[in-house]
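This report refers to the structure that appears directly beneath it.
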Amino acid sequence: MIANVRSEFRLMGVVNVTPDSFSDGGAFLETDAAIAQGRRLAAEGADLLDIGGESTRPGAQPVDAEQELQRVLPVVTALAGDGAATVSIDTSKAAVAGVALDAGARYVNDVTAFRADPGLAGLVADRGVECCLMHMLGEPRTMQDDPRYDDVVSDVKAFLEERLAYAVDAGIQERRIALDPGIGFGKTVDHNLELLRRLDEIVALGQPVVIGTSRKSFLGRITGRDVTERGPATLATCVVGYLNGARMFRVHEVAPTRDALLVTAATVTGRWSSTTTAR
């Protein structure tokens, strides 16, 4: 036993407080169910709990700030109060993020990379919290309508580089910014695989890279599995992502992802420590 490699990656557990998310079909729309899910993910080893009140699945309709806050605020308050994991607010609205930060959230995950509401960048800067900027082609309602790129990796990299500069200009410290290539957000199966295969080119931007492949439709296209049966396929993409430089993983199933990445990291680095009694 040399050293614990747990700090080499971070796990972001998904808590969708929505009626129409593709992955869980509204299972956690009720406040108590969402809080229980967040606590379960934290107990499994989630470093962050990403709480969202507006679905971003393909074809999703927008939700106003008031309704979004009604869904997420009690969940953010409860989970932040627990202190078991950092609470992330998954929103593109400064009005929602501001209230969530007041309630104890310490991370902002914006799928629009501050394009939908430029004021969100200033809020993140003023509060001194971490954020994630994601690439998305178009908007949820239209993003899967025949997405095209000259070169998907180069195009996504250029976009993220520009949004990183925008965030820094707004006053956010670079060390607080993570980048997400937006797997499944305006991409075909081939686009997603190319991004995973060449993820090191995104990593070369010098920021922590987040991947969110969990249960996504391209995994179903490849495996033929229903959304509830894509756990093993998700693990495969997380391992590939880690090997290519990703260090944050947004997932619905934390415990198996943690185990897969612990073993991957220990194999790559030669560093590990005992966390349980061997069976």
Within this structure, what is the [atom1]-[atom2] distance for the pair [X] and [Y], rounded to the nearest 0.5 Å?
X      : Y      : atom1 : atom2 : value
Lys216 : Asn192 : NZ    : CG    : 8.0 Å
Asp151 : Glu194 : CG    : CD    : 6.5 Å
Thr267 : Leu261 : OG1   : CG    : 11.0 Å
Leu49  : Gln37  : CG    : CD    : 9.5 Å
Ile35  : Ile51  : CD1   : CD1   : 8.5 Å
Ile177 : Glu130 : CD1   : CD    : 10.5 Å

Are [Y] and [X] connected into the same hydrophobic cluster when the rule is that any two of I, L, V, M, F, W, Y join if their side-chain heavy atoms are below 4.5 Å apart?
X      : Y      : answer
Val254 : Leu219 : yes
Leu69  : Val15  : yes
Val17  : Leu41  : yes
Leu133 : Leu205 : yes
Leu120 : Val96  : yes

>> If only side-chain N and O atoms count, and only distance matters, is there a donor-acceptor pair under 3.5 Å linking Glu253 with Thr234?
In response: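 The answer is no; no qualifying pair exists.
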
> So, Asp226 versus Thr228: side-chain donor-acceptor pair below 3.5 Å or not?
Replying inline: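 Thr228 and Asp226 do have a side-chain donor-acceptor pair below 3.5 Å.
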
>> I'd like to know whether Val156 forms a side chain to side chain contact (heavy atoms under 4.5 Å, CB included) with Glu201, so could you lay out the CA-CA distance, the side-chain angles of the two residues, the decisive distance to 0.1 Å, and finally the verdict.
In response: CA-CA 10 Å; Val156 169; Glu201 296 177 38; over 6 Å; no

Any side-chain heavy-atom pair of [X] and [Y] under 4.5 Å:
X      : Y      : result
Asp117 : Asp110 : no
Arg127 : Leu123 : yes
Phe218 : His191 : no
Phe114 : Cys131 : yes
Phe249 : Thr213 : no
Met136 : Thr112 : yes
Phe9   : Met248 : no
Leu160 : Leu164 : no

For [X] against [Y], the heavy-atom pair lying closest together:
X      : Y      : value
Val251 : Cys238 : CG1-SG, 4.0 Å
Gly241 : Leu199 : O-CD2, 3.8 Å
Val108 : Ala97  : CG2-CB, 4.4 Å
Ala233 : Thr223 : CB-CG2, 4.1 Å
Asp180 : Cys132 : CB-SG, 3.7 Å
Phe159 : Met134 : CE2-O, 3.6 Å

Give a yes or no on whether the backbone of [Y] and the side-chain of [X] come within a donor-acceptor separation of less than 3.5 Å.
X      : Y      : answer
Asp150 : Asp155 : no
Asn16  : Thr18  : no
Glu54  : Thr91  : no

>> Set out, in order, the CA-CA distance, both residues' side-chain angles and the distance that settles side chain to side chain contact (heavy atoms under 4.5 Å, CB included) for Asn109 and Met12, then state yes or no.
In response: CA-CA 11 Å; Asn109 183 19; Met12 177 183 279; 4.2 Å; yes

>> Checking Arg197 against Asp190 for the salt bridge (charged side-chain N to carboxylate O under 4.0 Å, His left out) test, could you report, in this order, the C-alpha distance in whole Å, the side-chain angles of both residues, the deciding distance, and whether it holds?
In response: CA-CA 10 Å; Arg197 185 163 51 246; Asp190 289 338; over 6 Å; no

> Yes or no on side chain to side chain contact (heavy atoms under 4.5 Å, CB included) for Arg250 and Val14, after CA distance, side-chain angles and deciding distance?
Replying inline: CA-CA 7 Å; Arg250 185 179 185 274; Val14 179; 3.6 Å; yes

>> Counting only heavy atoms not in Asp169 (residues, nucleotides, ligands), do more than 12 fall under 6.0 Å from its CG?
In response: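 Yes.
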
>> Tell me whether the count of non-hydrogen atoms from other residues, nucleotides or ligands lying under 6.0 Å of CZ in Arg221 goes above 12.
In response: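 Check fails, neighbour count at 12 or below.
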
> Taking it one step at a time, do Ser154 and Arg198 satisfy side chain to side chain contact (heavy atoms under 4.5 Å, CB included)?
Replying inline: CA-CA 10 Å; Ser154 296; Arg198 295 167 53 194; 4.1 Å; yes

> Do you know which of Ile211, Asn244, Val209 makes side-chain contact (heavy atoms from CB on, under 4.5 Å) with Ile202?
Replying inline: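 Of the listed options, the one satisfying the test is Val209.
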
What side-chain donor-acceptor pairs closer than 3.5 Å can you find for residues 76-86, not counting sequence neighbours?
| from | atom 1 | to | atom 2 | distance (Å) |
| --- | --- | --- | --- | --- |
| Thr77 | OG1 | Leu73 | O | 2.8 |
| Asp82 | OD1 | Arg39 | NH2 | 3.2 |
| Asp82 | OD2 | Arg39 | NE | 2.7 |

>> With a 4.0 Å cut-off on N to O distance, would you call Asp47 and Arg258 a salt bridge?
In response: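 No, Asp47 and Arg258 are not salt-bridged.
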
> Does Glu161 come within less than 4.0 Å of Lys157, counting only side-chain N to carboxylate O?
Replying inline: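 No, this pair does not count.
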
> Can you list the residues that meet the side-chain hydrogen bond (donor to acceptor under 3.5 Å, both in side chains) rule with Ser92, with sequence neighbours excluded?
Replying inline: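 Once residues adjacent in sequence are excluded, Ser92 has no partner under the side-chain hydrogen bond (donor to acceptor under 3.5 Å, both in side chains) criterion.
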
> On the ring face of Tyr166, is Arg163 found with NZ or CZ under 6.0 Å from the centre and within 45° of the axis?
Replying inline: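 Yes, Arg163 and Tyr166 form such a contact.
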
